Amino acid sequence: QVQLVESGGGLVQAGGSLKLSCAASGRTFSSYVMGWFRQVPGKEREFVAAISWSGGRIYYADSVKGRFTISRDNAKNTVYLQMNSLKPEDTAVYYCAASTLAVATIRPYEYHYWGQGTQVTVSS
C-alpha cells in the first residue's frame, strides 16, 4: 500500500504560479504510475496529468497543456505539479493518485490510491 499527502495549494491571482507536491509513503513508490486530478463541487473528478514510473511517458489534459508540468523524484518519493499561467477555471481541489498499472493512464478508476486533496483557488 501507499499513502499520499498533497501540499502546496493556496490562493493565487490569475497568471500566477503554484507548485503542488505529493509525498508518498512506502518503498515501492518508483513502481507506481502517478497522476494528478482535480474536482470542483458538483462535477466529476477531472484528469490533469500523469507520469509513468520512469518519467518517460507523460500525459496532460488539453486544458492544462503548455501551462502545467508533472515531474517525479523517485529518490524522494515525491511527485510534483508545477502550475503556471493559472486561470480562474483552474480553481479546484487537486488530488494526487497512484496506480499499479504498468503504463500511465488518464482514467481515474485505474488509480488505486488517493490523497486527501489540496485546494487551489485562482482569483480573477
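Fair warning: this is a prediction, and the values are worked out from it, not measured in the lab.
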When hydrophobic residues are tied together by side-chain contacts of less than 4.5 Å, even through go-betweens, does [X] share a cluster with [Y]?
| X | Y | value |
| --- | --- | --- |
| Val93 | Phe47 | yes |
| Trp114 | Ile70 | no |
| Val79 | Leu101 | no |

Which heavy atom of [X] sits nearest a heavy atom of [Y], and at what distance?
| X | Y | value |
| --- | --- | --- |
| Asn77 | Ser25 | ND2-C, 4.4 Å |
| Ala24 | Phe29 | CB-CD1, 3.3 Å |
| Thr105 | Ala50 | O-CB, 3.5 Å |
| Asn74 | Trp53 | ND2-O, 3.1 Å |
| Asn84 | Ser17 | OD1-OG, 2.9 Å |
| Ala92 | Val40 | CB-CG2, 3.9 Å |

Problem - Test log, rule side chain to side chain contact (heavy atoms under 4.5 Å, CB included), inputs Leu81 and Arg38 - result: CA-CA 12 Å; Leu81 186 67; Arg38 64 188 183 187; over 6 Å; no

Exercise for the section: Apply side chain to side chain contact (heavy atoms under 4.5 Å, CB included) to the pair Thr28 and Val2, showing each step before the final yes or no. Expected result: CA-CA 8 Å; Thr28 58; Val2 61; 5.9 Å; no

Practice task
Output, in order, the C-alpha distance, side-chain angles, deciding distance and verdict of side chain to side chain contact (heavy atoms under 4.5 Å, CB included) for Glu89 and Ser63.
Solution key: CA-CA 10 Å; Glu89 51 264 42; Ser63 59; over 6 Å; no

Handout entry: Salt bridge flag under 4.0 Å for residues Asp90 and Lys87
Key =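 Result for this pair is no, no salt bridge flagged.
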
Problem - Row check, Tyr60 ring normal vs Arg67 NZ/CZ: under 6.0 Å, within 45° - result: no

Can you tell me how far the [atom1] atom of [X] sits from the [atom2] atom of [Y], to the nearest 0.5 Å?
| X | Y | atom1 | atom2 | answer |
| --- | --- | --- | --- | --- |
| Ile51 | Tyr80 | CD1 | OH | 11.5 Å |
| Leu20 | Gln82 | CG | CD | 9.0 Å |
| Ser99 | Ile106 | OG | CD1 | 12.5 Å |
| Met83 | Thr69 | CE | OG1 | 11.0 Å |

Completion exercise
Result for ring-ring contact (aromatic ring centres under 6.0 Å, His included) between Phe37 and one of Tyr95, Tyr111, Tyr94 points to Tyr111

Donor-acceptor check, side chain of [X] to backbone of [Y], threshold 3.5 angstrom: yes or no?
| X | Y | value |
| --- | --- | --- |
| Glu6 | Cys96 | yes |
| Arg72 | Val33 | no |
| Thr91 | Val122 | yes |

Exercise for the section: Report yes if the side chains of Leu4 and Met34 come closer than 4.5 Å at any heavy-atom pair, otherwise no. Expected result: yes

Exercise for the section: Might you work through the side chain to side chain contact (heavy atoms under 4.5 Å, CB included) test for Phe68 and Trp36, ending with a clear yes or no? Expected result: CA-CA 11 Å; Phe68 290 12; Trp36 286 97; over 6 Å; no

Problem - Within 6.0 Å of CD in Gln116, more than 12 heavy atoms from elsewhere - result: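 No, CD of Gln116 has 12 or fewer neighbouring heavy atoms, counting only those of other groups under 6.0 Å.
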
Problem - Qualifying salt bridge (Lys or Arg N to Asp or Glu O under 4.0 Å) pairs with a residue from residues 105-124, counting only residues at least two apart or across chains - result: Arg107-Glu110

Problem - Under the side-chain hydrogen bond (donor to acceptor under 3.5 Å, both in side chains) test, residues paired with Ser7 that sit two or more places apart - result: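 Here no residue qualifies.
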
